[in-house]
Amino acid sequence: MKTKCLIIGSGPAGYTAAIYTSRAGLDPIIFEGHTPGGQLTTTTEVENFPGYPEGVTGPQLMADLRKQAERFGADIHSGRIAEVDFSSRPFRARPDGGEWIEADTVIIATGASAMYLGLPDEAKYAGLGVSACATCDGFFYRKKRVAVVGGGDTACEEALYLSTLAEKVYLLVRKPYLRASKVMQQRVAERENIEIMFNTNTVGLYGEEFLEGIHLAEHIGTPDERRFDLAVDGFFLGIGHKPETEIFKPFVELDDHGYIKTFNSTTVTSVNGVFAAGDVADPRYRQAISAAGMGCRAALDAEAFILENPA
Ligand code: NDP
C-alpha cells in the first residue's frame, strides 16, 4: 500500500486531518488505533464543541467526524500502527500483523491518555462520577462536592476550574507538599472553597449506581495511618497524561514529558515531512476543538510539503 499521506490516530485531530487531506486530493489512509475516535469516545456529553448548541455525546461527535472524512474518500482502517521507519522518504509504517505501507507524508495524531490510579473502581464509575477532564465534565458538578487527586499543575488547574462551579473541592495530595508551580499553588491557596488534604492516598471508591464517596488513607503505611471516607459526587484524576509516542521515539524529537516537539508555531516535527497534531503534541490545551484545529493545520502543512517536495 502507498499513500501521499498516512494519518495515525483517530481523535478529532486525526479525523480533521483526514477531512482536509482528502479534500486536497492527498488520498489519505488513516489508521484508527485501538480506541477508534480516541479519548472522547469515553466521555458522555460534550457541550463545548462549537456547532452543537444542544451538546452532543462524545461517540456521536466522533462518528460525525468519521463520516465527514469518509464522504471525501479517506481510506479508514481499524487497528493500530505497530512500527514505523522514518529514516528516509518514503516513510514506512506497519500495522499490527500487516504489510508495510509507504507514505510521502505522515500526520501523527495518536493522542494522550490520562493516567489513572489503577483502582478497579475507577472503571466501574467512569462517566458516573469519575472523570479525568474537569473542563469536559465539571459542568455536571455545579453546587456539588468533588475531589481532585494529584499535586501538580494539572491537578491545581482542575481544582481551580472546578472551584468556580462546585460548592467544595478537595485536593488530595499524597505527599506533604504540592509539586505545582508557585503561582498555581498560590491561586489554589487563595480559593476559599478548595481544601488541600496532604499525605492522603485514595484507596477506593463507593456508591450504589453513581459515585457517592471515596475511601482515603492518611499517612498510609506508617504507624499514624488513619482510614476514613469522604462523601463526594465527583472524583477527578489530575495525576498527568501519557502521550502515545513510544513507536516514534527513535525518529522524532520529544520533549522531557514525551510529547512530540513541533516547531515555529506549525505542526512540523524534527523529521521533514512528518507532522504532529492534537494531544500527542499539546500538553497545554488538550481540548477536542484545539486538537481538531491542529489536525487542520497538519493537513495544510502536509499539502504544502508535498507541493514543495514532490516524490
Ligand atoms: P506532574 O507529573 O507534574 O504531577 C503529577 C502529580 O500527581 C504529582 O503531584 C504526583 O505526586 C501525583 N501523582 C502521580 N501519581 C499518583 C498516584 N498514583 N497517586 C496520587 N498522586 C499521584 O503532572 P502534571 O500533569 O500536573 O504536569 C505535567 C507537566 O505539564 C508539568 O511540567 C506541568 O508544569 C505542565 N502543566 C502545565 C500547565 C500550565 O502551565 N497551565 C497545566 C498542566 C500541566 P508526587 O508529587 O507525589 O509524585
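Counting starts at 1 for both ligands and their atoms, following the listed order.
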**Residue pairs passing the salt bridge (Lys or Arg N to Asp or Glu O under 4.0 Å) test where at least one lies in residues 222-231, sequence neighbours excluded** = E218-R226, E225-R227
**Ring-face cation of R179 near Y177 (centre distance under 6.0 Å, axis angle within 45°)** = no
**Prompt:** Any salt bridge (Lys or Arg N to Asp or Glu O under 4.0 Å) pairs touching residues 260-279, not counting sequence neighbours?
**Reply:** E253-K261
**Asked** Relative to the ring of F86, is the ring of F248 parallel (under 30°), tilted (30 to 60°) or perpendicular (over 60°)?
**Response** parallel
**Item:** Contact summary for Q287 and T135, nearest pair of heavy atoms
**Value:** NE2-OG1, 3.3 Å
**Item:** Of all pairs that satisfy ring-ring contact (aromatic ring centres under 6.0 Å, His included), the ones with a partner from residues 12-32, not counting sequence neighbours
**Value:** F31-H77
Just list the N/O pairs, ligand 1 to protein, that are under 3.5 Å apart, with the distance for each.
unit_1	atom_1	unit_2	atom_2	d
ligand 1	2 (O)	R179	NH1	3.0
ligand 1	9 (O)	G151	N	2.8
ligand 1	9 (O)	G152	N	3.3
ligand 1	11 (O)	R174	NE	3.4
ligand 1	25 (O)	T154	OG1	2.5
ligand 1	26 (O)	D153	N	3.1
ligand 1	26 (O)	T154	N	2.9
ligand 1	26 (O)	T154	OG1	3.2
ligand 1	32 (O)	H257	NE2	3.2
ligand 1	34 (O)	D153	OD2	2.5
ligand 1	41 (N)	E157	OE2	2.8
ligand 1	46 (O)	R179	NE	3.1
ligand 1	46 (O)	R179	NH2	3.3
ligand 1	47 (O)	R174	NE	2.8
ligand 1	47 (O)	K175	NZ	3.0
ligand 1	48 (O)	R174	NH2	3.0
ligand 1	48 (O)	R179	NH2	2.4

